[in-house]
Asks: 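Mind looking over this structure? Questions follow.
Predicted model, so just to flag it, every value in this text is computed and none were measured.
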Amino acid sequence: MHTVTIVGAGPAGMLAAGVCAARGNRVYLIEKNKVLGKKLLITGKGRCNVTNSAPIEDFIANTAVNANFMYSSFYSFTNKDLTDLLEKEGLHLKEERGGRIFPVSDRAADVRNTLENYATGNGAQIIYSEVKDLYRKNGVYELFLSGGKKLSADSVIIATGGISYPLTGSTGDGYRFAEGCGHKIIEPKASLVPLVTKEKYVADMMGISLKNVALRLISDNKTVYDDFGEMLFTHFGLSGPIVLSASSHIRDDKEYFIEIDLKPALDFKTLDNRILRDFEKEKNKDFINSLDDLLPKRMIPTVVKLSGIDEHTKVNSVTRTQRHTLVSLLKGIRFTVAGKRPVSEAIITSGGVCVKEINPTTMESKLSPGLFFAGEVIDVDAYTGGFNLQIAFSTAYLAGMNA
């Protein structure tokens, strides 16, 4: 019987174990944490956005790094294949805004439990131990575990994740194993990570969450990326889904600005008329007390300061020029990107095992026969919306089928 050892029991590892065991292999799934899928439990704010309902072409378009490498994976194991498998295993799913697919229970733990049951139900054996070293000798892989234990395997699937959220066990072990087998590692960097701004006044708006705003990422006076959705102000800068996606487009050697349109549904003239109506209603009030219908209360002092209009100016004294300055501000409040938060705070890691050294139709190493890769350890990453987890599942399926 062919023996396959899978290192790392995150979403990729668990799915690969189930697929591989279902094909009659002896499968060992090794996890160094005391629970499986530790990082999975915190994805999607603990709700777990498992995939997206978009067509496969959109998955390619939403893959920021090495999209072409993913063609075989995405088409071999589609989002529909994934949802069918999870539903068959008893996990009920629902679709939300933007095509995001979540468990009906809103519990990431239910996704983890379903994948664990899929793996063990097909015969995979779980070993709770840390792989200290891995090498190939006489066509067989030797894995040295904590406590002096040793395992031999005909094939190995590395599904250890990246280096984001190291407290969940993503500490870069897979990179070391891959390098030991001759693979090149593209330097791991933070992707889908909050952004630090030069403007310190963001701290005054800390905790304010905005929905239905438009974001533009600008460099060299050109729009590099734009998006629409939710964002969050923090003590250091900006976060939230649209900011995290924008971070994927930021390269270290350029200057970037984030521009937020607080009222994207209204063009300049319509918003100006809306403010005129509000001002008419509040004409005897101070300017700072006239914006309650327009903005979150805690955001108003900052916007008033940025507008340059004295907060105690009576609304009926605000000039047309001042009002237009306010409209322009609301349609494009600008922040200077000072940098990204540390990779330890990133949702995913950009970088990893070089895709040129992996067969995209099987996920097998081109350098070390019988060695396979799945998930975030590979140099592929995508935007938010369930696309990264689908990368994990699709690559895991191919690895599991071919190991």
Asks: What pairs with L210 under side chain to side chain contact (heavy atoms under 4.5 Å, CB included), at least two apart in sequence or on another chain?
Replies: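 I208, V213, M231, F233, L262, P296, M299.
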Asks: Please answer whether the main-chain N or O of G370 pairs with a side-chain N or O of E364 as donor and acceptor at a distance below 3.5 Å.
Replies: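 The answer is yes, because a donor-acceptor pair under 3.5 Å joins these two groups.
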Asks: Restricting to ring-ring contact (aromatic ring centres under 6.0 Å, His included), what partner residues turn up for F74, sequence neighbours left out?
Replies: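 F74: ring-ring contact (aromatic ring centres under 6.0 Å, His included) contacts with F59.
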Asks: Would you check if the side chain of E130 reaches a backbone N or O of G147 as a donor-acceptor pair within less than 3.5 Å?
Replies: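 Absent.
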Asks: Kindly compute the distance separating CE (M70) from OG1 (T395), expressed to the nearest 0.5 Å.
Replies: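 Reported to 0.5 Å precision, the distance equals 5.5 Å.
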Asks: Which value, rounded to the nearest 0.5 Å, describes the distance between R341 atom CZ and L244 atom CG?
Replies: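 One finds 12.5 Å between CZ of R341 and CG of L244.
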Asks: Which residue pairs satisfy the ring pair (Phe, Tyr, Trp, His ring centres under 6.0 Å) criterion with at least one member in residues 182-214, sequence neighbours excluded?
Replies: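 Qualifying pairs: H183-F373.
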Asks: Kindly determine whether L398 and F77 satisfy side chain to side chain contact (heavy atoms under 4.5 Å, CB included), including the steps that lead there.
Replies: CA-CA 8 Å; L398 279 186; F77 189 71; over 6 Å; no
Asks: Hey, does the side chain of N79 reach the backbone of A54 with a donor-acceptor pair shorter than 3.5 angstrom?
Replies: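 Pair found, side chain donor or acceptor close to backbone of A54.
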Asks: State, to 0.1 Å, how close N52 and G98 come at their nearest heavy-atom pair, and which atoms those are.
Replies: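 Of all heavy-atom pairs spanning N52 and G98, the closest is ND2-O, 2.9 Å.
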Asks: With sequence neighbours left out, what residues match H235 under side chain to side chain donor-acceptor pair (under 3.5 Å)?
Replies: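 Per chain and number, H235 pairs via side chain to side chain donor-acceptor pair (under 3.5 Å) with no residue.
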Asks: Going by heavy atoms in the side chains, are C48 and L40 under 4.5 Å from each other?
Replies: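 A side-chain contact under 4.5 Å exists here.
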Asks: Does any non-hydrogen side-chain atom of N212 lie less than 4.5 Å from one of F228?
Replies: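 Yes, their side chains come closer than 4.5 Å.
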Asks: Donor-acceptor check, side chain of T349 to backbone of P188, threshold 3.5 angstrom: yes or no?
Replies: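 Pair absent, no side-chain N/O of T349 close to backbone of P188.
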Asks: So, for H2 and S155, which heavy atoms are closest and what is the spacing to 0.1 Å?
Replies: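 Taking H2 first and S155 second, the nearest heavy atoms are NE2-OG, 2.9 Å.
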Asks: Are T270 and N273 linked by a side-chain donor-acceptor pair shorter than 3.5 Å?
Replies: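 No.
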Asks: Got a sec: does the NZ of K305 have more than 12 other heavy atoms crowding it under 6.0 Å?
Replies: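 Not buried by this count: 12 neighbours or fewer within 6.0 Å.
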Asks: Checking E280 against K283 for the salt bridge (Lys or Arg N to Asp or Glu O under 4.0 Å) test, could you report, in this order, the C-alpha distance in whole Å, the side-chain angles of both residues, the deciding distance, and whether it holds?
Replies: CA-CA 5 Å; E280 184 61 31; K283 59 187 175 186; 3.5 Å; yes
Asks: Between T160 and D173, does any side-chain donor sit less than 3.5 Å from a side-chain acceptor?
Replies: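 Side chains of T160 and D173: no pair found under 3.5 Å.
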Asks: Can you name the side chain to side chain donor-acceptor pair (under 3.5 Å) partners of E230, sequence neighbours left out?
Replies: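 Result, side chain to side chain donor-acceptor pair (under 3.5 Å) vs E230: none returned.
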Asks: Could you work out, with side chain to side chain contact (heavy atoms under 4.5 Å, CB included) as the rule, every residue matching N66, not counting sequence neighbours?
Replies: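 For N66 the side chain to side chain contact (heavy atoms under 4.5 Å, CB included) partners, ignoring immediate neighbours, are F69, V355, D379, V380.
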Asks: Side chains of N388 and L192, heavy atoms from C-beta outward: is any pair under 4.5 Å?
Replies: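 Sidechains of L192 and N388: in contact.
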Asks: Can you tell me how far apart CD (E199) and CE (M205) are? Round to the nearest 0.5 Å.
Replies: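 Between atom CD of E199 and atom CE of M205 there are 9.5 Å.
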Asks: Do L389 and P11 come within less than 4.5 Å of each other through their side chains, counting heavy atoms only?
Replies: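 Yes, close enough: below the 4.5 Å cut-off.
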Asks: Who are the ring-ring contact (aromatic ring centres under 6.0 Å, His included) partners of F144, not counting sequence neighbours?
Replies: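 Testing F144 for ring-ring contact (aromatic ring centres under 6.0 Å, His included), a comparison that skips the adjacent residues, returns Y135.
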Asks: Ignoring hydrogens, what is the shortest heavy-atom contact between A17 and L29? Give both atom names and the distance.
Replies: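 For A17 and L29, the tightest heavy-atom pair comes out as CB-CD2, 4.1 Å.
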Asks: Got a sec, which residues hit side chain to side chain donor-acceptor pair (under 3.5 Å) with N359, two or more places apart in sequence or on another chain?
Replies: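 Scan of N359 (side chain to side chain donor-acceptor pair (under 3.5 Å), adjacent residues dropped) gives T361.
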Asks: Can you list every ring pair (Phe, Tyr, Trp, His ring centres under 6.0 Å) pair that touches residues 272-329, not counting sequence neighbours?
Replies: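 Applying ring pair (Phe, Tyr, Trp, His ring centres under 6.0 Å) to every pair that reaches into residues 272-329, excluding sequence neighbours, yields F268-H324.
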Asks: State the OG1-CG distance between T120 and L115, to the nearest 0.5 angstrom.
Replies: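 Answer for the OG1-CG pair, T120 versus L115, is 10.5 Å.
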Asks: For S191 and S248, run side-chain hydrogen bond (donor to acceptor under 3.5 Å, both in side chains): C-alpha distance rounded to whole Å, both residues' side-chain angles, the deciding distance at 0.1 Å, then the answer.
Replies: CA-CA 5 Å; S191 187; S248 298; 3.2 Å; yes
Asks: Should we say atom OH of Y128 is surrounded by more than 12 heavy atoms from elsewhere, each under 6.0 Å from it?
Replies: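 For Y128, atom OH is crowded (more than 12 foreign heavy atoms under 6.0 Å).
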Asks: Go through the structure and list residues passing ring-ring contact (aromatic ring centres under 6.0 Å, His included) with Y75, not counting sequence neighbours.
Replies: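 Y75 satisfies ring-ring contact (aromatic ring centres under 6.0 Å, His included) with no residue once adjacent residues are dropped.
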Asks: Excluding sequence neighbours, so at least two apart, what forms side chain to side chain donor-acceptor pair (under 3.5 Å) with D84?
Replies: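 Testing D84 for side chain to side chain donor-acceptor pair (under 3.5 Å), a comparison that skips the adjacent residues, returns K80.
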Asks: State whether R334 and E259 are salt-bridged, where the test is any N-O pair (Lys NZ or Arg NE/NH1/NH2 against Asp/Glu carboxylate O) under 4.0 Å.
Replies: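 Salt bridge flag = yes for E259 with R334.
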Asks: Are the side chains of V4 and I157 in contact, using a 4.5 Å heavy-atom criterion?
Replies: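 A side-chain contact exists here, since the closest heavy-atom pair is under 4.5 Å.
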Asks: Looking at every non-hydrogen atom in both residues, tell me the closest pair between T3 and S152 and how far apart they are.
Replies: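 In terms of heavy atoms, the two residues are closest at CG2-O, 3.7 Å.
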Asks: What are the two closest non-hydrogen atoms of P241 and T384, and how far apart are they?
Replies: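 Here P241 and T384 meet closest at O-OG1, 3.7 Å.
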Asks: Scan for salt bridge (charged side-chain N to carboxylate O under 4.0 Å, His left out) pairs involving residues 176-194, sequence neighbours excluded, and state none if there are none.
Replies: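 As it turns out, the salt bridge (charged side-chain N to carboxylate O under 4.0 Å, His left out) pairs with a partner in residues 176-194, which skip direct neighbours, are K189-D252.
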Asks: May I ask you to say whether D106 pairs ionically with R47, meaning some side-chain N is under 4.0 Å from a carboxylate O?
Replies: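 Looking at R47 together with D106, the answer is yes, because their closest N to O distance falls below 4.0 Å.
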Asks: Please report the shortest heavy-atom distance between G385 and N49, naming the atom on each side.
Replies: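 Taking every non-hydrogen atom into account, C-OD1, 2.9 Å.
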Asks: Are Y141 and F177 close enough that their ring centres sit under 6.0 Å apart?
Replies: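 Between F177 and Y141, which both carry aromatic rings, the centre distance is not below 6.0 Å.
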Asks: With a 4.5 Å cut-off on side-chain heavy atoms, are R136 and C181 touching?
Replies: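 Side chain of C181 against side chain of R136, heavy atoms only: no contact under 4.5 Å found.
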Asks: Can you check whether K254 reaches V224 side chain to side chain, under 4.5 Å on heavy atoms?
Replies: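 No, side chains not in contact.
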Asks: Could you tell me whether the side chain of K314 reaches within less than 4.5 Å of the side chain of K285, counting heavy atoms only?
Replies: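 Not in contact.
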